Protein chains: 2
Amino acid sequence: MKISTKGRYAVRVMLDLAANNTGECIKVKQIAERQGISEKYLEQIISILNRAGYVKSVRGAQGGYRIAKDPKNYTIGMILRLTEGSLSPVACLDGDVNECERCDTCETLSVWKDLADAIDNVVDNVTIADLLEKQQARLGAMAYMI
Amino acid sequence: MKISTKGRYAVRVMLDLAANNTGECIKVKQIAERQGISEKYLEQIISILNRAGYVKSVRGAQGGYRIAKDPKNYTIGMILRLTEGSLSPVACLDGDVNECERCDTCETLSVWKDLADAIDNVVDNVTIADLLEKQQARLGAMAYMI
DNA sequence: TTATTTCATACTATGTCAATAGGTTTTGGT
DNA sequence: ACCAAAACCTATTGACATAGTATGAAATAA
């Protein structure tokens with residue numbers, strides 16, 4: 001019942017790109033350093049985000065990545081589903097075909113449905129913009145402490 | 001982000017024991033047959049429930065299992081945590097020690113906290129008695145359809 | 001004493017996770 | 001034209017978890 005590093009790192013990448021979005025290209029190396037994540041592993045994760053169009057890449061020297069749209073367009077749910085696959089707690093709820101022949105008489109299924117709804121409700125109502133805002137509020141508060 | 005068969009089967013075992021609780025001992029073989037689960041695998045799962053005192057066992061011939069207390073005493077959350085371990089979506093939230101040194105500045109942590117709360121809120125508010133009630137309501141409705 | 005049942009432990013095949021490794025391609029700067 | 005920097009691509013790896021099987025020991029009612 002754990003979210004893997006892939007999903008968690010993907011969220012942090014999106015937040016990092018949003019927080020450091022100056023219009024310049026951001027290199028994987030920079031993100032890896034800031035986030036303390038293996039550069040090569042990050043490469044794979046960011047390529048998923050790239051193929052989905054969540055980030056835009058520029059190849060070659062001076063290349064790198066930029067967040068594609070405004071951070072408010074990206075929910076945590078979108079990013080997790082993209083990188084992790086389905087967030088539903090049981091396979092029975094995946095896809096439109098219910099291959100389990102016990103589904104009709106399966107009392108536990110309603111619990112898993114409620115659980116899936118609860119999970120969706122959280123992750124689909126937080127955006128990268130929300131996280132960014134919090135981060136900047138914290139950094140602002142920190143500035144007064146110097 | 002999936003619940004494993006161990007946890008799901010454990011819930012079904014508890015429900016089965018509750019539904020078929022006549023005071024007589026219920027054998028692993030019977031549960032396995034009713035639930036369509038491997039007998040040997042079930043043995044391992046029920047032994048976890050037994051060691052935790054959720055079920056009572058009687059050894060030897062004519063032995064078997066009985067649910068220990070009234071079904072309303074067992075939430076899905078209890079059963080899942082016992083068999084699956086922690087239900088929190090990230091390791092950062094497990095235990096009292098936060099070994100991650102980024103926790104102070106980790107904006108995503110609040111999302112995982114909300115997610116953990118949402119999950120807990122579902123699984124801790126459904127009991128085996130609730131599932132049993134639903135099952136019996138359905139079986140009652142079925143009887144009229146004959 | 002025997003059949004039935006729980007109890008305990010070891011084993012196995014498969015898959016996933018979290019990387020690491022080793023390249024190829026693209027491109028700006030010189 | 002060349003070089004270095006960067007993205008891009010694919011294969012491989014070691015560790016671990018999952019979902020069982022397999023084998024047998026211990027307990028007990030009949």
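Side-chain atoms are counted along with the backbone in the values below, which use heavy atoms only and exclude waters and symmetry mates. Keep in mind that what you see is a predicted model, and the values were worked out from it rather than measured. In what follows, every chain begins at residue 1, and chains take the letters A, B, ... in the order their sequences are listed.
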Quiz item: Is there a side-chain contact between A:Met1 and B:Pro89 (heavy atoms, below 4.5 Å)?
Solution: no

Exercise. Inspect the surroundings of NZ in A:Lys56 and state if more than 12 heavy atoms from other residues, nucleotides or ligands are less than 6.0 Å away.
Key: no

Self-check item: Crowding at NZ, B:Lys27 (>12 non-hydrogen neighbours, <6.0 Å)
Solution: yes

Quiz item: Think A:Thr5 has a side-chain N or O under 4.0 angstrom from the OP1 or OP2 of C:dA18?
Solution: yes

Quiz item: On DNA chain D, nearest-nucleotide positions of A:Gln62 versus A:Arg51: which is more 5'?
Solution: A:Gln62

Self-check item: Distance below 4.0 Å between A:Ser4 side-chain N/O and C:dA18 OP1 or OP2
Solution: yes

Exercise. Report which part of the nucleic acid A:Ser47 touches: base, sugar-phosphate, or nothing (heavy-atom distance under 4.0 Å, all strands).
Key: nothing

Quiz item: Going by distance alone, is a donor N or O of one side chain under 3.5 Å from an acceptor N or O of the other, for B:Thr5 and B:Tyr41?
Solution: yes

Exercise. Using side chain to side chain contact (heavy atoms under 4.5 Å, CB included) as the criterion, point out the one residue from B:Val13, B:Asn50, B:Leu49 that pairs with B:Tyr65.
Key: B:Asn50

Exercise. Ignoring hydrogens and angles, answer whether the base of C:dT5 and the side-chain atoms of B:Arg59 contain a donor-acceptor pair closer than 3.5 Å.
Key: no

Quiz prompt | Test item: side-chain donor near acceptor, B:Asp117 and B:Asn121, under 3.5 Å | solution = no

Practice problem: Taking only the side-chain heavy atoms of A:Gln44 (C-beta and beyond), determine which of C:dA19, C:dC7, C:dT9 contains the nearest atom. | Solution: C:dA19

Practice problem: Measure from the side-chain heavy atoms of A:Tyr41 and tell me the nearest of C:dT27, C:dC7, C:dA19. | Solution: C:dA19

Quiz prompt | Nucleotide of C:dG28, C:dC7, C:dG23 approaching A:Lys40 most closely (side-chain heavy atoms) | solution = C:dG23

Exercise. Extract, from 5' to 3' on DNA chain D, the first and final nucleotides lying under 4.0 angstrom from some heavy atom of chain B.
Key: D:dA19 to D:dA29

Exercise. Give the rounded distance in Å between these two atoms: NZ of B:Lys27 and P of C:dT6.
Key: 7 Å

Exercise. Tell me which of A:Ile37 and A:Ala61 sits closer to the 5' end of DNA chain C, going by the nucleotide each one is nearest to.
Key: A:Ile37

Quiz item: Does any residue of residues 7-19 of chain B have a heavy atom under 4.0 Å from DNA chain D, and if so, which ones, in number order?
Solution: B:Tyr9

Exercise. Write down the atom of A:Ser110, the atom of B:Lys134, and the distance for their closest heavy-atom approach.
Key: OG-NZ, 2.6 Å

Quiz item: What is the distance from CD1 of A:Ile45 to P of C:dT20, rounded to the nearest Å?
Solution: 11 Å

Self-check item: Any N/O donor-acceptor pair, A:Glu39 side-chain to C:dT20 base, under 3.5 Å
Solution: no

Self-check item: Contact summary for B:Leu132 and B:Pro71, nearest pair of heavy atoms
Solution: CD2-CG, 4.3 Å

Quiz item: On DNA chain C, nearest-nucleotide positions of A:Lys6 versus A:Gly60: which is more 5'?
Solution: A:Lys6

Exercise. Using a cut-off of 6.0 Å, state whether more than 12 heavy atoms not belonging to B:Lys6 lie near its atom NZ.
Key: no

